[in-house]
2 protein chains.
Amino acid sequence: MKRDSRLSSVLHALLHMAERGEPMTSETLAACMCTNPVVVRRTMGLLRDAGLVASARGPSGGWQIVADLNAVSLRDLYDALGEPTVFAIGNRHEAPQCLVEQAVNAALDDAFADAEALLLDRLGKITLARLSADFNRRHAAHRSRA
Amino acid sequence: MKRDSRLSSVLHALLHMAERGEPMTSETLAACMCTNPVVVRRTMGLLRDAGLVASARGPSGGWQIVADLNAVSLRDLYDALGEPTVFAIGNRHEAPQCLVEQAVNAALDDAFADAEALLLDRLGKITLARLSADFNRRHAAHRSRA
DNA sequence: TTTCATGTAACTTCAAATATTACGAATTAG
DNA sequence: CTAATTCGTAATATTTGAAGTTACATGAAA
Ligand code: FES
Ligand code: FES
């Protein structure tokens, strides 16, 4: 399958929106992210449903962040996106009859569940504010080099 | 994308082979695993290249385990399969120009790398022998219930 | 009332895993 | 030697789910 890149996408969009301040249209965001406005609306719509951003129609409409950057973690975004499947590796049958397969799946599920828990925990500790600060550091470094 | 279920598959096959003792044909294994003989040959071929199983052609041919079950971990199987992609979630662009995207990707890559390390570490600690023992425990419990 | 922008359904495209078909090569039994 | 068996592998098709597109309705602002 194609990999799900929505988390990376919305983060990119959110940081651009945070830098900006005023609403950005899905067309602008799409151009910025090399994708399609409808994809942006679909994806950002999920964040709106979670109360993280707001959308407005008509002229001077667009998308804007409404949440506190310090209060939103990457885990919150992951949840807002519907908790997408984390692993590209899985069991052939989810509830097999075969005892051999049950033993195999139990062992694998265990390891994968732990790895997923760690991942989500890590995502929960990174806020948008921290990412924004990280960007500004990079930006400053970039300008001082030029 | 479809999820990669080869690790689960080969484990299932290997435990069946361990129970058996004599060679099993790819046709038998395929029937057992609800799949196609060619798929079995392709996948088991990778394990053979890693020295974990042996194949023989002609009548009385088939597949057999040649490694010590105590010496083979699930990590070894993962490696033999070519270290398939672990995550179904990824970055949109791997080496973006945009500094915003770089900051985003750096944070994500970090978290994902840690989760992957934990997963592989866990897989490295589970041997085929242990899985086989686990199966026999389940089997005994199953029989005593009947 | 015109223009801009979102909301959303329906459909197409794309990538990657898995499945299938076909046939060649090696091995064993008789 | 010959026939039957089984792997090895290339070529192709199918399947699945994400991403992209098209089309049009809805609502807001000037
Ligand atoms: S895409 Fe991030 S800078 Fe334009
Ligand atoms: S598939 Fe036949 S028992 Fe595992």
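Using a 4.0 Å heavy-atom criterion, one finds that A:R6 contacts the sugar-phosphate atoms exclusively. Residue A:G45 is classed as having no contact, given no heavy-atom separation below 4.0 Å to the nucleic acid.
At least one side-chain heavy atom of A:L128 sits under 4.5 Å from a side-chain heavy atom of A:L77. For the pair A:V104 and B:L15, the minimum side-chain heavy-atom distance is below 4.5 Å.
When the nearest nucleotides of DNA chain C are assigned to B:P84 and B:G58 by heavy-atom distance, the more 5′-ward of the two goes with B:P84. Along DNA chain D, the nucleotide nearest to A:R42 and the one nearest to A:R57 differ in position, and the one closer to the 5' end is contacted by A:R42.
Residue B:S26 has a polar side-chain atom (N or O) positioned under 4.0 Å from OP1 or OP2 of D:dC7. In terms of phosphate contacts, B:S55 brings no side-chain nitrogen or oxygen within less than 4.0 Å of OP1 or OP2 of D:dT6. Dashed line: the shortest gap from a side-chain N or O of B:S60 to OP1 or OP2 of C:dT28 is not under 4.0 Å. Remark: B:R3 is not in phosphate contact with D:dA18, judged by side-chain N or O atoms under 4.0 Å from OP1 or OP2. Applying the 4.0 Å criterion to OP1 and OP2 of D:dA19, one finds that A:S5 has a side-chain N or O inside that range.
Of the listed nucleotides (C:dT18, C:dT6, D:dG27), C:dT18 has the atom at the smallest distance from the side chain of B:K2. The side chain of A:R41 sits closest to C:dT6 out of C:dT6, C:dC14, D:dC7. In the set C:dT3, D:dT21, D:dA18, the nucleotide with an atom closest to the side chain of A:P59 is C:dT3. Side-chain atoms of B:V38 lie closest to C:dT21 of the nucleotides D:dG27, C:dT21, D:dT6. For B:R48, the side-chain atoms get nearest to D:dG8 when compared with the rest of D:dG8, D:dA18, D:dA29.
The nearest whole Å value for the distance from the CG atom in A:N36 to the P atom in C:dC14 is 14 Å. The distance from atom CG of A:L81 to atom P of D:dA19 is 10 Å, rounded to the nearest whole Å. As rounded to whole Å, 13 Å separates atom P of C:dT21 from atom CD of B:E27. When the C1' atom of D:dA19 is taken as reference, atom CE of A:M33 falls 12 Å away, rounded to whole Å.
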Could you check A:R138 against A:H142 for side chain to side chain contact (heavy atoms under 4.5 Å, CB included), going step by step and ending with a plain yes or no? CA-CA 6 Å; A:R138 285 168 189 264; A:H142 184 258; over 6 Å; no
Passes salt bridge (Lys or Arg N to Asp or Glu O under 4.0 Å), A:D121 versus A:K125? Steps please. CA-CA 7 Å; A:D121 195 60; A:K125 286 178 177 150; 3.1 Å; yes
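No donor-acceptor pair under 3.5 Å is formed between the side chain of A:N36 and the backbone N or O of A:A30.
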